[in-house]
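Both counts, for ligands and for their atoms, begin at 1 and track the order of listing. All values below were derived from every heavy atom in this structure, side-chain atoms included, with hydrogens, water molecules and symmetry-related copies excluded.
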Amino acid sequence: MSETAANPFEQQQQGRPTGPLVQGYEVIIGFETHAQLSTASKIFSRASTAFGAEPNTQACAVDLALPGTLPVMNKGAVERAIRLGLALGSTIAPRSVFARKNYFYPDLPKGYQISQYEIPVVQGGTVSFYLGEEQKTVRLVRAHLEEDAGKSLHENFVGQSGIDLNRAGTPLLEIVTEPDMRSTAEAVAYAKELHKIVTWIGICDGNMQEGSFRCDANVSVRRPGQPLGTRREIKNLNSFRFMQQAIDYEIRWQIEQLEDGSRVEQATVLFDPDTGETRAMRTKEDAADYRYFPDPDLPPLAISSDWIERVRAAMPELPRAMAERYQQTHGLSAYDATQLTQSVALARYFDEAVAAGAAPKLASNWITGEIARRLNAQEIGIEAAPVSAKQLAQLIGRIADGTVSNNAARQVFDALWGGEGQEVDTVIEAKGLKQMNDSGALEAIVDEVLAKNQKNIDEYRAGKDKAFNALVGQVMKASAGKANPAQVNALLKSRLG
Ligand code: ADP
Ligand code: MG
């Protein structure tokens with residue numbers, strides 16, 4: 001069997017709008033993502049799933065496929081699959097079936113992988129996200145439970161390879177989309193959204209370096225209106241940056257082939273970050289090559305509606321619902337609300353700042369502006385931010401009550417971030433940043449500045465707004481930045497008539 005036969009995904013693509021063209025070609029992308037489920041033990045055994053242990057110290061008799069052992073389903077893995085299904089509006093199959101996927105590889109001691117084939121646990125559903133201003137919806141085909149394989153180690157060995165079976169039997173949820181994506185940017189945005197959801201609902205730690213969230217990108221190109229082109233599958237993308245580079249390269253490569261009059265052969269390819277190129281690993285197997293059949297060692301997986309309801313009751317509020325709530329209750333823009341719901345931790349930080357009395361709009365501005373910029377620059381998450389939500393709320397309070405100007409607040413923030421103090425008020429005091437609230441002193445400064453700047457006064461009276469700003473600037477300078485700009489404005493206006 002091959003894809004010269006009609007692609008089963010073809011029909012689902014009828015009527016979808018054409019995507020942006022690259023050299024006259026439309027790009028088609030579908031994803032298969034392996035999310036490692038955050039259970040303490042493996043999917044069919046009680047061995048630990050902790051990362052980084054000495055090779056082969058976390059593989060028990062079941063993982064080693066010793067004769068006489070039998071797999072026992074881990075309920076925690078099933079529950080996590082249900083959570084994903086509920087989060088994405090999928091159908092949870094009341095009865096799904098485990099199947100053996102047969103292939104030979106040294107890191108697969110049983111000679112088959114236990115997976116789901118004909119009847120997966122999660123069916124359908126969608127992932128929606130913003131690509132710039134535009135909302136995109138990618139349809140899921142399915143998500144199925146399966147076990148991971150072990151790992152071959154080629155480093156530190158001469159003339160031979162090592163096998164580490166610690167990872168064998170680690171629970172995975174493979175999440176498969178329709179080929180609905182039409183550009184690299186859309187594919188990366190999809191992957192980021194899915195990553196956000198699986199970490200948000202706590203089913204996967206999302207650690208991409210450790211392989212907890214790995215994506216396979218299926219890429220093809222076609223002339224608009226033509227049937228789907230032949231896909232190549234880029235395996236195991238474990239960073240968003242590599243994902244983007246790999247897909248971009250693959251698109252260019254395929255177009256070049258077609259322009260040269262060659263065909264694209266269906267293949268599995270790997271991305272090499274050192275060269276920035278994708279390289280064929282093997283020609284692609286078809287399902288028939290795996291001789292799938294239901295695993296006689298495992299009964300069908302039965303999920304009662306009771307169980308589903310219990311899981312539903314324990315689900316956290318999802319990012320989209322939370323963003324909508326922020327818009328409604330705090331009057332934030334859709335954009336700001338989306339920014340604040342990029343992770344549970346960020347949303348919680350915002351909630352804490354608001355609970356501590358910060359005006360929501362100001363808290364949102366600080367978090368999506370100043371704080372986001374610093375987190376990005378230092379490549380850390382909000383959990384590691386040196387300024388707590390409470391401190392931020394205090395600082396915002398001091399701007400609101402006129403103790404410090406915005407400018408001074410930024411200096412206070414800088415000091416807090418740099419660890420030069422804990423208490424907002426102490427830092428303001430120590431740095432002498434208190435705004436001038438003594439109107440007598442301010443009036444004296446204004447009069448002094450006016451006396452020295454007759455030229456500006458004349459220009460202002462002749463209708464030049466710039467001259468007024470120059471005067472404000474002079475007063476601010478003379479007050480060493482401590483004057484309240486609104487007060488300065490008002491005073492100058494009244495003096496100038
Ligand atoms: P396999 O597991 O053999 O890779 P699946 O049918 O499970 O096959 O998954 C196929 C994946 O490839 C899906 O994500 C699907 O959206 C995607 N896909 C199918 N056809 C195309 C195509 N012509 N171009 C891009 N992606 C495709
Ligand atoms: Mg595949």
Side-chain angles (χ1 to χ4, degrees), residues 1-14 16 18-19 22 25-35 88 90 99-103 112-113 115-127 136-146 148-149 172-184 186-188 190-191 194 214-237 243 246-248 250-251 253-255 257-258 263-270 278 280-292:
M1 279 209 306
S2 79
E3 274 189 331
T4 46
N7 186 324
F9 290 95
E10 187 79 59
Q11 206 186 350
Q12 296 290 340
Q13 294 304 311
Q14 303 295 322
R16 305 260 313 170
T18 306
V22 183
Y25 289 87
E26 185 184 22
V27 174
I28 309 280
I29 303 169
F31 261 56
E32 293 159 278
T33 302
H34 289 92
L88 301 180
S90 316
R100 291 185 177 179
K101 180 178 180 179
N102 300 279
Y103 64 93
Y112 60 86
Q113 176 193 25
S115 181
Q116 296 191 304
Y117 184 57
E118 277 174 357
I119 311 181
V121 58
V122 171
Q123 303 171 9
T126 54
V127 174
K136 298 280 183 188
T137 296
V138 170
R139 295 165 300 170
L140 297 186
V141 178
R142 59 193 277 161
H144 61 255
L145 285 162
E146 63 182 26
D148 209 345
L172 301 177
L173 194 59
E174 179 173 338
I175 303 154
V176 184
T177 75
E178 295 285 348
D180 279 356
M181 290 159 273
R182 293 291 180 272
S183 67
T184 306
E186 186 179 352
V188 174
Y190 160 79
L194 183 64
R214 343 191 261 271
C215 295
D216 303 341
N218 294 271
V219 180
S220 67
V221 299
R222 67 173 172 187
R223 292 287 188 189
Q226 292 294 303
L228 290 175
T230 303
R231 71 186 154 114
R232 302 215 308 166
E233 178 175 357
I234 316 169
K235 274 279 179 202
N236 278 337
L237 294 165
M243 186 180 292
I247 299 174
D248 274 344
E250 182 61 30
I251 293 168
W253 185 89
Q254 289 189 16
I255 292 175
Q257 293 296 300
L258 297 175
R263 289 165 22 117
V264 172
E265 303 277 352
Q266 193 178 329
T268 301
V269 308
L270 280 182
T278 53
M281 188 164 86
R282 54 172 191 247
T283 55
K284 172 81 187 154
E285 296 85 354
D286 276 308
D289 299 327
Y290 290 120
R291 294 153 22 247
Y292 280 99

Self-check item: Beyond-backbone contact of E186 with I29, side-chain heavy atoms, under 4.5 angstrom
Solution: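 The answer is no; the side chains never approach within 4.5 Å.
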Quiz item: Got D216 and N236 here, is their nearest side-chain heavy-atom distance under 4.5 Å?
Solution: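 Side-chain contact under 4.5 Å: yes.
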Can you sort out which atoms of ligand 1 are near [X], meaning under 4.0 Å from one of its heavy atoms?
X: F31; answer: 14 (O)
X: G229; answer: 23 (N)
X: G30; answer: 14 (O), 16 (O), 26 (N)
X: F9; answer: 6 (O), 10 (C), 13 (C), 15 (C), 16 (O), 19 (C), 20 (N)

Quiz item: Just checking, R100 and Y292: is the charged tip under 6.0 Å from the six-membered ring centre and within 45° of the axis?
Solution: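 No - R100 does not lie over the ring of Y292 by the 6.0 Å and 45° rule.
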Practice problem: Using a 4.0 Å heavy-atom cut-off, say whether V176 meets ligand 1 through its side chain, its backbone, both or neither. | Solution: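 Contact part for V176 vs ligand 1: side chain (C-beta onward).
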Quiz item: What part of D216 sits under 4.0 Å from ligand 1 if we count only heavy atoms: the side chain, the backbone, both or neither?
Solution: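 No part of D216 comes within reach of ligand 1.
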Quiz item: For atom 7 (O) of ligand 1, which candidate among E32, E178, E10, Q12 holds the nearest heavy atom?
Solution: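 Looking at heavy atoms only, the winner is E32.
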Quiz item: Can you name the closest pair of heavy atoms from V121 and Q116 and give their distance?
Solution: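 For V121 and Q116, the tightest heavy-atom pair comes out as N-OE1, 3.1 Å.
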Out of curiosity, [X] [atom1] to [Y] [atom2], how far, rounded to the nearest 0.5 Å?
X: I28; Y: R231; atom1: CD1; atom2: CZ; result: 13.0 Å
X: T33; Y: L194; atom1: OG1; atom2: CG; result: 5.5 Å
X: L172; Y: H34; atom1: CG; atom2: NE2; result: 6.0 Å

Exercise. Consider every N or O of E174 and every N or O of ligand 1, then say whether any pair is closer than 3.5 Å.
Key: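 It does not: no N or O of E174 is found under 3.5 Å from an N or O of ligand 1.
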Practice problem: Look only at interatomic distance and state if T177 has a nitrogen or oxygen under 3.5 Å from any nitrogen or oxygen of ligand 1. | Solution: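 Yes: some nitrogen or oxygen of T177 is under 3.5 Å from one in ligand 1.
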